[in-house]
Amino acid sequence: MNTWGFSGQTVEDFTLYSGTLGAAFLLFRAYQVTRNANDLSLCLEIVKACDAASASSGDVTFLCGRAGVCGLGAAAAKLSGEEELLNYYLAQFRLIRLSSDLPNELLYGRIGYLWACLFINKYVGKETLSSDTIRQVAQEIIKEGRSMAKNGSSPLMFEWYGRKYWGAAHGLAGIMHVLMDVQLKPDEAEDVKGTLRYMIKNRFPSGNYPASEEDRRKDVLVHWCHGAPGIALTLVKAAEVFGEREFLEAGAAAAEVVWNRGLLKRVGICHGISGNTYVFLALYRATGRSEYLYRAKAFASFLLDRGPKLLSQGEMHGGDSPYSLFEGVAGMAYLFFDMVDPSQARFPCYEL
């Protein structure tokens, strides 16, 4: 109601990350869990408004750009059986162009566009966007990563606004995570593994991870965007993809940091308790160990029992966009839907 009903159905921020499209993505998840057709219908209504609002956007990613509007629109149209609408959103997606000066990170860069391609192929159909297109984008990302890593000890390295970030939102963890959903050549897979080993080797003694190459002494952040939570999700993914135990052990070690320090003063997905809960859900899915489900339930129960009251009292921070998917209570609601069947839980817009 706060993002759509009370707004007069106008869109000021169309993005999935902090804007109106996040409400549509939450409704998309609600439909998957409840099969309530009204949720899917309202999702498509909101996407339509975001489509108009984003028509001139130059951003190309799923979370913050035009690709999110077209990708979610195509997936929702497919589920509702609206063939004409599906073809419209796919045609619009194919008009998106990647400029040569794009960064490579998840929120605004090539890897965020690549994730959108993978999302469409999952929900609309394999090869809806050709593997050749996906390979071409992935190869460009790896080429740039190798170039920037020259003379360094990590096989791949990337910059965003002059800083070499490590986390999920802007750095290595997010880029490696999405690359692992692509068919990699053997040497490319070795570079991904080598980059993750570089990060593990250079983590803090506490088990947490630096926000960037430039922040090697600041053991502060325990967020999905910066720190152990986002990196833990990538390490668990690496264990699943490569079948190597060292990545699972490193992911479990990062999860200990989240358990000890991750009950934050924000509720959201990006830098709050909701996002941190997904670390335990990923490890539960990978290991089947009940202790991880217990920890996920503990964090989710804290949010359910105390989140709204603490927000109203000002004890917790509601975020800059308090009803959004990644900063606000929509992310908390998304987590609650995922707790219905924890074995199927996936961090939104990150884990496919």
Side-chain angles (χ1 to χ4, degrees), residues 2-28 41-78 80 82-121 123-124 128-130 133-134 136-137 140-141 144 160-161 169-170 174 178 225 270 319-328 330 348-350:
N2 276 280
T3 56
W4 188 242
F6 296 154
S7 72
Q9 301 180 4
T10 58
V11 178
E12 292 183 9
D13 174 355
F14 74 83
T15 69
L16 241 155
Y17 181 91
S18 58
T20 309
L21 194 65
F25 197 80
L26 175 61
L27 288 161
F28 182 74
S41 175
L42 184 54
C43 168
L44 281 166
E45 185 183 319
I46 295 173
V47 172
K48 183 180 179 181
C50 292
D51 177 41
S54 67
S56 60
S57 172
D59 290 319
V60 302
T61 66
F62 195 82
L63 276 170
C64 294
R66 182 82 176 141
V69 177
C70 301
L72 179 56
K78 175 74 173 181
S80 66
E82 298 191 36
E83 193 75 20
E84 189 176 332
L85 196 58
L86 168 62
N87 290 333
Y88 166 76
Y89 283 121
L90 289 177
Q92 289 294 305
F93 187 91
R94 291 187 174 105
L95 292 176
I96 296 170
R97 294 291 176 264
L98 305 187
S99 63
S100 59
D101 60 349
L102 263 185
N104 291 289
E105 46 81 82
L106 187 70
L107 261 64
Y108 300 102
R110 285 186 185 87
I111 210 76
Y113 171 82
L114 189 59
W115 198 91
C117 295
L118 297 166
F119 176 84
I120 287 174
N121 281 358
Y123 285 101
V124 177
T128 302
L129 298 167
S130 74
T133 299
I134 289 169
Q136 188 177 351
V137 177
E140 186 62 30
I141 293 166
E144 286 205 15
W160 189 68
Y161 281 100
H170 302 299
V178 181
C225 48
C270 184
D320 297 329
S321 304
Y323 297 100
S324 68
L325 184 67
F326 265 66
E327 293 183 355
C349 312
Y350 193 57

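Sequence positions, counted from 1, serve as the residue numbers for this chain.
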Rounded distance [0.5 Å steps], [atom1] in [X] versus [atom2] in [Y]:
| X | Y | atom1 | atom2 | value |
| --- | --- | --- | --- | --- |
| Glu82 | Tyr88 | CD | OH | 13.5 Å |
| Cys64 | Asp59 | SG | CG | 7.0 Å |
| Arg110 | Gln136 | CZ | CD | 10.5 Å |
| Leu86 | Thr128 | CG | OG1 | 8.0 Å |
| Ser54 | Asp13 | OG | CG | 11.0 Å |
| Leu72 | Ile120 | CG | CD1 | 10.0 Å |

Closest heavy-atom pair and its distance - [X], [Y]:
| X | Y | result |
| --- | --- | --- |
| Val60 | Ala67 | O-CB, 3.0 Å |
| Leu16 | Cys349 | CD2-SG, 3.8 Å |
| Leu44 | Ala76 | CD2-CB, 3.6 Å |
| Cys70 | Gln92 | SG-CB, 3.7 Å |
| Phe25 | Pro348 | CE2-CB, 3.8 Å |
| Lys78 | Val124 | CE-O, 3.4 Å |

Run the side chain to side chain contact (heavy atoms under 4.5 Å, CB included) check on Glu327 and Tyr17 step by step: do they pass? CA-CA 8 Å; Glu327 293 183 355; Tyr17 181 91; 3.4 Å; yes
Phe119 vs Trp115 aromatic rings, parallel, tilted or perpendicular, using cut-offs 30° and 60°?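 Aromatic pair Phe119/Trp115 classed parallel.
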Please tell me if the side chains of Asn121 and Ile134 come closer than 4.5 Å, counting only heavy atoms from C-beta onward.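 In short, these two side chains touch, coming nearer than 4.5 Å.
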Criterion side chain to side chain contact (heavy atoms under 4.5 Å, CB included) on Leu42 and Trp4, from CA distance to verdict: CA-CA 10 Å; Leu42 184 54; Trp4 188 242; 3.8 Å; yes
Tell me whether [X] contacts the main-chain N or O of [Y] through its side chain, where contact means a donor paired with an acceptor under 3.5 Å.
| X | Y | result |
| --- | --- | --- |
| Asn104 | Gly109 | no |
| Ser130 | Thr133 | yes |
| Thr61 | Leu107 | yes |

Glu45 atom CD, neighbour heavy-atom count above 12 within 6.0 Å: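 Enclosed.
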Is it true that, when you exclude Tyr323 itself, more than 12 heavy atoms of the residues, nucleotides or ligands shown sit nearer than 6.0 Å to its OH?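 Result for OH/Tyr323: open.
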Carefully, step by step, assess Val47 and Tyr89 under the rule side chain to side chain contact (heavy atoms under 4.5 Å, CB included). CA-CA 10 Å; Val47 172; Tyr89 283 121; 3.5 Å; yes
Candidate pair Phe62 and Tyr350, rule ring-ring contact (aromatic ring centres under 6.0 Å, His included), full reasoning: CA-CA 10 Å; Phe62 195 82; Tyr350 193 57; over 10 Å; no
Evaluate side chain to side chain contact (heavy atoms under 4.5 Å, CB included) for Tyr108 paired with Tyr161, printing each intermediate quantity in order. CA-CA 11 Å; Tyr108 300 102; Tyr161 281 100; over 6 Å; no
Taking Phe14 as the fixed residue, which of Thr20, Ile46, Asp51, Val69 is the one that meets the side chain to side chain contact (heavy atoms under 4.5 Å, CB included) rule?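 So the option named by the test is Val69.
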